[in-house]
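These notes concern the structure reproduced below.
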Amino acid sequence: MLPVIDVAIVGAGPYGLSAAAHTLAAGLDTCVFGRPMRAWEHHMPQGMLLKSEPSASNLADPRGRHDLAAYCRWAGLPYGYGQPVPLETFVDYGKWFQAQAVADAVDTAEVTGVRAEGKLFAVELASGRRVMARAVVLALGFLPFARRPAALTELAPTVCTHSSEHSDLSRFEGLDVTVVGAGQSALETATLLLEAGARPRVLARAAALEWNGTPEPSRSLVRRVLAPRSGLGTGWRSWTWAERPGLVRHLPLTTRRHIVRTTLGPAGSWWLRERFDGRIPVLTGHSLVAAKEDLGVRLTLKEPGGESRTLHTEHVIAATGYEVDVARIGILDVALRAAIGTEGTTPRLNRTFETSVPGLYMIGLAAAATFGPVMRFVHGADFAARRVTRGLTAAAGSRRHYRGETGAGLGTHRLNA
């Protein structure tokens with residue numbers, strides 16, 4: 001008979017590793033499946049800088065010892081407010097965090113399936129092995145939920161891709177590339193394409209591009225009181241969504257969706273503007289009507305005045321974000337997926353991130369419709385890790401008192417699965 005572990009965490013990104021650090025500290029027999037930071041390393045463009053401030057880019061352990069500042073001190077790297085974090089630094093930080101806080105509780109095998117078997121879950125691996133677990137935490141990140149405009153869905157991957165499919169943009173050197181979108185992903189992808197020798201343009205429905213303001217390291221006491229700083233920016237509203245996501249769950253569904261849709265909408269980072277402005281053609285106020293393969297792609301556009309025009313390009317990159325849909329979580333057995341209660345296409349979660357299927361949890365982007373926009377960012381990993389661990393320890397009937405909700409750690413850490 002197969003041995004049974006307490007918790008299987010699927011996904012070894014910031015949320016999965018943070019949850020593991022907490023469940024291990026709480027004494028739960030835990031294994032994280034996946035290569036640490038794989039999506040960040042292989043599905044984001046080389047040369048990218050994180051949009052979030054360094055202080056909002058921490059993975060979470062119960063004692064708070066392994067934050068980004070600690071890693072930068074250890075590695076001899078610069079760290080400070082208003083100093084963008086290179087992607088390579090963040091990936092290396094995530095791997096360092098894993099070594100410090102999760103250690104050998106990681107199995108790098110790819111999970112190919114999860115199914116319910118009685119009161120347990122069977123986690124099936126690409127290697128052919130199976131692991132039985134009392135609970136499963138899905139920390140799948142953004143990859144399953146990449147969204148493309150309807151007009152682009154029928155194009156072959158040779159001429160149309162999503163921004164999450166690229167790490168090395170040098171393959172586009174010399175090519176005419178149209179990037180669809182108006183957010184940071186679109187604007188930074190276009191900039192990196194230009195710097196890689198491509199000929200990019202940006203196509204956006206928005207009437208004008210938006211840019212974030214330059215950070216202010218020093219602010220008066222009055223300004224700090226009127227507009228406190230948080231992991232999602234300044235202002236009391238941003239502070240609430242960032243620091244009190246548990247409150248968001250109690251709001252009506254339509255309100256929660258509005259908050260997620262409108263908080264930190266499409267905009268470029270302040271440090272990107274100088275590299276972008278005046279160097280990359282931009283078509284704002286243009287809607288994408290149709291697309292057809294024709295020695296590349298022929299796009300049919302609707303101009304701001306309503307006129308139709310065509311545009312030929314050699315490749316299209318859709319930097320059009322992500323849309324959570326339980327039906328797209330392909331590793332879940334059909335019966336298990338059908339058993340998950342939803343609100344529209346998103347999972348219905350309780351206060352500890354548990355779905356309507358007892359023992360099955362979802363954290364990260366998949367939880368944004370319940371806990372708000374902070375779940376779209378690394379900053380939400382601390383709250384998610386503490387809350388999900390609270391639910392897991394309660395379900396396990398653990399005798400050990402988990403004090404992670406108050407920030408106090410345990411006397412010992414268990415680091416072996």
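Note that these values count all heavy atoms, side chains included, but never hydrogens, waters or copies made by symmetry. This structure is a prediction, so every number in the text was calculated from the model and none was measured.
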Just verifying a value: how many Å separate [X] [atom1] and [Y] [atom2], rounded to the nearest 0.5 Å?
| X | Y | atom1 | atom2 | answer |
| --- | --- | --- | --- | --- |
| Glu354 | Arg348 | CD | CZ | 12.0 Å |
| Leu288 | Thr320 | CG | OG1 | 10.0 Å |
| Arg205 | Ser287 | CZ | OG | 7.0 Å |
| Phe121 | Leu336 | CZ | CG | 6.0 Å |
| Arg309 | Glu307 | CZ | CD | 11.0 Å |
| Phe33 | Leu125 | CZ | CG | 5.5 Å |

If we ignore hydrogens and angles and just use 3.5 Å, is the side chain of [X] paired with the main-chain N or O of [Y] as donor and acceptor?
| X | Y | result |
| --- | --- | --- |
| Thr189 | Ala186 | no |
| Ser18 | Ala60 | yes |
| Thr153 | Ala150 | yes |
| Glu303 | His286 | no |
| Arg224 | Arg219 | yes |
| Arg376 | Leu365 | no |
| Asp6 | Asp29 | yes |
| Thr345 | Val324 | yes |

Heavy-atom check, side chain of [X] versus side chain of [Y], under 4.5 Å:
| X | Y | result |
| --- | --- | --- |
| Leu192 | Arg275 | yes |
| Val136 | Tyr361 | no |
| Val316 | Leu299 | yes |
| Phe276 | Val202 | yes |
| Val85 | Leu49 | no |
| Val32 | Val106 | yes |
| Leu68 | Tyr79 | yes |
| Thr23 | Ile9 | yes |

Reference residue Phe353; test side chain to side chain contact (heavy atoms under 4.5 Å, CB included); the match among Leu392, Ile363, Val137:
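By the side chain to side chain contact (heavy atoms under 4.5 Å, CB included) criterion, Phe353 pairs with just one of Leu392, Ile363, Val137: Ile363.
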Give a yes or no on this: more than 12 heavy atoms of other residues, nucleotides or ligands lie within 6.0 Å of atom [atom1] of [X].
| X | atom1 | answer |
| --- | --- | --- |
| Arg148 | CZ | yes |
| Arg134 | CZ | yes |
| His312 | NE2 | yes |
| Glu274 | CD | no |
| Arg298 | CZ | yes |
| Glu88 | CD | yes |

Which heavy atom of [X] sits nearest to which heavy atom of [Y], and what is that distance?
| X | Y | answer |
| --- | --- | --- |
| Leu349 | Thr355 | CD2-CG2, 3.7 Å |
| Pro36 | Leu17 | CB-CD1, 4.5 Å |
| Ala385 | His22 | CB-ND1, 3.4 Å |
| Ala242 | Val374 | O-CG2, 3.8 Å |
| Trp236 | Val225 | NE1-O, 2.9 Å |
| Ala291 | Leu155 | CB-CD1, 3.8 Å |

Short N-O contact, [X] and [Y], less than 4.0 angstrom:
| X | Y | answer |
| --- | --- | --- |
| Glu188 | Lys51 | no |
| Arg229 | Glu53 | no |
| Arg199 | Glu314 | yes |

For the residue pair [X] and [Y], confirm or rule out a side-chain donor-acceptor distance under 3.5 Å.
| X | Y | value |
| --- | --- | --- |
| Ser163 | Ser185 | yes |
| His379 | Ser52 | no |
| Arg201 | Thr178 | yes |
| Thr313 | Asp176 | yes |

Answer yes if the ring centres of [X] and [Y] are under 6.0 angstrom apart, and no otherwise.
| X | Y | value |
| --- | --- | --- |
| His66 | Tyr93 | no |
| Tyr71 | Phe97 | no |
| Phe142 | His162 | no |

Could you walk me through whether Arg35 and Glu110 pass salt bridge (charged side-chain N to carboxylate O under 4.0 Å, His left out), step by step?
CA-CA 8 Å; Arg35 293 190 178 277; Glu110 179 185 359; over 6 Å; no
Checking side chain to side chain contact (heavy atoms under 4.5 Å, CB included) for the pair Leu50/Met48: CA distance, chi angles, key distance, verdict?
CA-CA 7 Å; Leu50 270 63; Met48 185 187 105; 4.2 Å; yes
With side chain to side chain contact (heavy atoms under 4.5 Å, CB included) as the criterion, how do Leu193 and Thr191 come out once you've worked through the C-alpha distance, each side chain's angles and the decisive distance to 0.1 Å?
CA-CA 5 Å; Leu193 282 166; Thr191 301; over 6 Å; no
May I have the step-by-step check of side chain to side chain contact (heavy atoms under 4.5 Å, CB included) for Asp382 and Asn58, ending in yes or no?
CA-CA 8 Å; Asp382 180 71; Asn58 299 311; over 6 Å; no
List the steps and the verdict of side chain to side chain contact (heavy atoms under 4.5 Å, CB included) for Ile331 and Leu140.
CA-CA 10 Å; Ile331 63 170; Leu140 302 177; 4.1 Å; yes
Please evaluate residues Ser167 and His43 with respect to the criterion side-chain hydrogen bond (donor to acceptor under 3.5 Å, both in side chains), reporting the C-alpha separation (whole Å), side-chain torsions for both, the decisive distance (0.1 Å), and the verdict.
CA-CA 5 Å; Ser167 172; His43 293 273; over 6 Å; no
